[in-house]
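Every number for a ligand or one of its atoms is a count from 1 in the order of the listing. None of these values were measured; they are calculated from a predicted model.
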Amino acid sequence: MNDFLDFGLINVQKILFVASEAHPLIKTGGLGDIVGSLPAALKSLHADVRLLLPAYRDAVTRAGKFKTIAALNIPGLDSPVNILETNLPGTSVITWLADFPKAYDRPGNPYLDPHGQPWSDNAMRFGLLSHVGAALALGHSRIKWRPDVVHCHDWQTGLVPVLLAREKSRPATIFTIHNLAYQGLFPYQTFTALGLPPDLWSPGALEFHGQLSFIKGGLLFSDQLSTVSPTYALEIQTPEHGCGLDGLLRVRAAHLSGILNGIDFSEWNPTRDPFIDKHYSVRRPKNKATNKLALQKKLGLLPENKMPIIGMVGRLVEQKGIDLMLDTLPALMLRPLQLAVLGSGETTYEEALRQQAVRYAGRFAVHIGYDEQLAHQIEAGADMFLMPSRFEPCGLNQLYSLRYGTIPIVRRVGGLADTVVDATEENIRVGKATGIVFQEAGASALLTSVDRALALWRDRDRWKCLMRAGMRQDFSWHRSAQDYLKLYREARRLG
Ligand code: ADP
């Protein structure tokens, strides 16, 4: 096969991913899952993908082995940025870590300081990442490899297309919006401190209501835009979900597509998940009950098999509708169910959840923090999974839930609307139903949908139908990775 590749009989596309996280080196949410799994899926379709990340302390530790392969001089810096080469663990994806200790060699969260506030030098840190991405893309180093396409992810990489757009000869650029609500906004002083060309300070470029907007760089200057589900691609062009950028996105609509995220079945698969108590499958679902009991034991829930457990895993922020769940909690606790919540985020939500866990001990369990293993155990042990999101670009947990036979209860927004089929009579009859879908972002709609789920739970045959239909869904990367390859070709045609 390599001969075919070498002689150009197969058109091998060379893609440089630039991103701020990639599982398992560093992850805070869905972005990490995607950047950690899409490159390997593209490689299996014969693309030559490499990945650039900041050399955060945790990422360097997890990488284990690496070698320094280049040093880049970036304007404005008094010392070079070293490029450390490693493989994304568990894959053959070549990964470059931009090593500049002053910016990245610190413990903890890549975006937030120990008080939960954004690091005060984030503009410098991610401006630097963008400079390194552009320099590598243009071949300004000893590294011979040059990409055909640079694929940028979220605001942290928004300046890469800006820097490349000013070059005569450059690779094509794609910018993927994983969450439009996070825009990388900074004061005007930051714009000047970053040494950006003065002509970029205008509403038609990087200025956004008097502030510097990193994300506008990606939205305006990349050849192609994508986001992570077809419905979110439409929603962000409306004032309701456009976060003030809907007008710009409507202008760029012809270059904006929605490609659904896939999930990594080697990580999220109940038939061989190393984190869970007992493996199970669509043919042999019985062991799911053992995982439920193990989860109850671990979280201090009553060992009750007849009551369904509703799971929730995620960032504790308004987007995820955690407040809606808290508002309905007293009513939920009057029903025959248990709740298991794992998350971290805003202190007010963390506190409120902790308090309620004391009040409803045995029925309502809360674990505050980030815990990969527990996330898997909740997917395997819970019977239902709640996602009352106000908006959801794609959402991964409903996809994991489907795979784990854990019926998702979701709002009809973004990727949730694209991936969960509501259990209407008709959908159940034809075997298409996979979950419960509700419209309004309100406590009563949430409660009504939980009641619908409880009614179905009591009807064991129908419940099993839903579980089977969900577990048989194929949300692997295969199709989406092909869509990205098409998008890369399109960007090269335009770039
Ligand atoms: P978002 O990217 O908006 O945070 P997604 O649903 O796209 O939401 O992806 C969230 C990912 O992060 C999932 O893999 C989820 O399991 C994981 N995750 C979120 N919070 C936690 C946590 N506290 N512990 C473990 N995993 C978490």
Visitor: What orientation do Phe126 and Tyr111 show, parallel under 30°, tilted 30 to 60°, or perpendicular over 60°?
Guide: tilted

Visitor: Any idea which protein heavy atom is nearest atom 8 (O) of ligand 1, and the distance to it?
Guide: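 Scanning the protein heavy atoms, the shortest distance from atom 8 (O) of ligand 1 goes to Lys320 NZ, 3.1 Å.
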
Visitor: For the atom pair CG (Leu225) and OG1 (Thr227), what is the distance rounded to the nearest 0.5 Å?
Guide: 9.5 Å

Visitor: Determine, for Phe265 and Arg403, whether the Lys NZ or Arg CZ falls below 6.0 Å from the six-membered ring centre while staying within 45 degrees of the axis.
Guide: yes

Visitor: How close does the nearest protein non-hydrogen atom get to atom 5 (P) of ligand 1, and which residue and atom is it?
Guide: Leu396 N, 3.8 Å

Visitor: Within the structure, does Gly30 bring an N/O atom to less than 3.5 angstrom of an N/O atom in ligand 1?
Guide: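 Checking ligand 1 against Gly30, an N or O pair does fall under 3.5 Å apart.
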
Visitor: Using a 4.0 Å heavy-atom cut-off, which part of Asp33 comes near ligand 1: side chain, backbone, both, or neither?
Guide: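 Side chain only.
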
Visitor: May I ask you to decide whether Lys288 forms a salt bridge with Asp277, counting only side-chain N to carboxylate O separations under 4.0 Å?
Guide: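 The answer is no: the pair does not qualify as a salt bridge.
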
Visitor: Which atoms of ligand 1 sit under 4.0 Å from any heavy atom of Gly395?
Guide: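 Heavy-atom distances to Gly395 below 4.0 Å select 6 (O), 7 (O).
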
Visitor: Distance to 0.1 Å, residue and atom name: give those for the protein heavy atom nearest to atom 24 (N) of ligand 1.
Guide: Asp371 N, 3.0 Å

Visitor: For ligand 1, indicate whether the residue Lys27 contacts it via side chain, backbone, both or neither (heavy-atom separation under 4.0 Å).
Guide: side chain

Visitor: Is it the case that ligand 1 has an N or O less than 3.5 angstrom from some N or O of Trp268?
Guide: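 No, Trp268 has no N/O under 3.5 Å of an N/O on ligand 1.
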
Visitor: Measure the distance from atom 22 (C) of ligand 1 to every protein heavy atom, then report the residue, atom name and distance (to 0.1 Å) of the closest one.
Guide: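 Going atom by atom, the protein heavy atom closest to atom 22 (C) of ligand 1 ends up being Tyr370 CD1, 3.4 Å.
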
Visitor: Please walk me through it: do Gln338 and Glu304 pass side-chain hydrogen bond (donor to acceptor under 3.5 Å, both in side chains)?
Guide: CA-CA 9 Å; Gln338 299 182 341; Glu304 182 72 66; 5.9 Å; no

Visitor: Should you measure from each heavy atom of Gly369, which atoms of ligand 1 turn up under 4.0 Å away?
Guide: 22 (C), 23 (N)

Visitor: Can you report which non-hydrogen protein atom sits closest to atom 4 (O) of ligand 1, along with the distance?
Guide: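 For atom 4 (O) of ligand 1, the nearest protein heavy atom comes out as Arg315 NE, 2.7 Å.
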
Visitor: Can you tell me which residue and heavy atom of the protein come closest to atom 15 (C) of ligand 1, and the distance to 0.1 Å?
Guide: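 That would be Asn397 ND2, 3.5 Å.
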
Visitor: May I ask you to say whether Lys278 pairs ionically with Asp273, meaning some side-chain N is under 4.0 Å from a carboxylate O?
Guide: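 No, Lys278 and Asp273 are not salt-bridged.
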
Visitor: With a cut-off of 4.0 Å, which atoms of ligand 1 are near a heavy atom of Gly314?
Guide: 19 (C), 20 (N)

Visitor: Distance check, rounded to the nearest 0.5 Å: Arg62 atom CZ versus Arg57 atom CZ?
Guide: 12.5 Å

Visitor: Could you tell me whether Arg479 and Asp474 have a side-chain N and a carboxylate O separated by less than 4.0 Å?
Guide: no

Visitor: Which label fits Phe214 and Trp155: parallel for a plane angle under 30°, tilted from 30 to 60°, or perpendicular past 60°?
Guide: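 Geometry flag for Trp155 against Phe214: perpendicular rings.
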
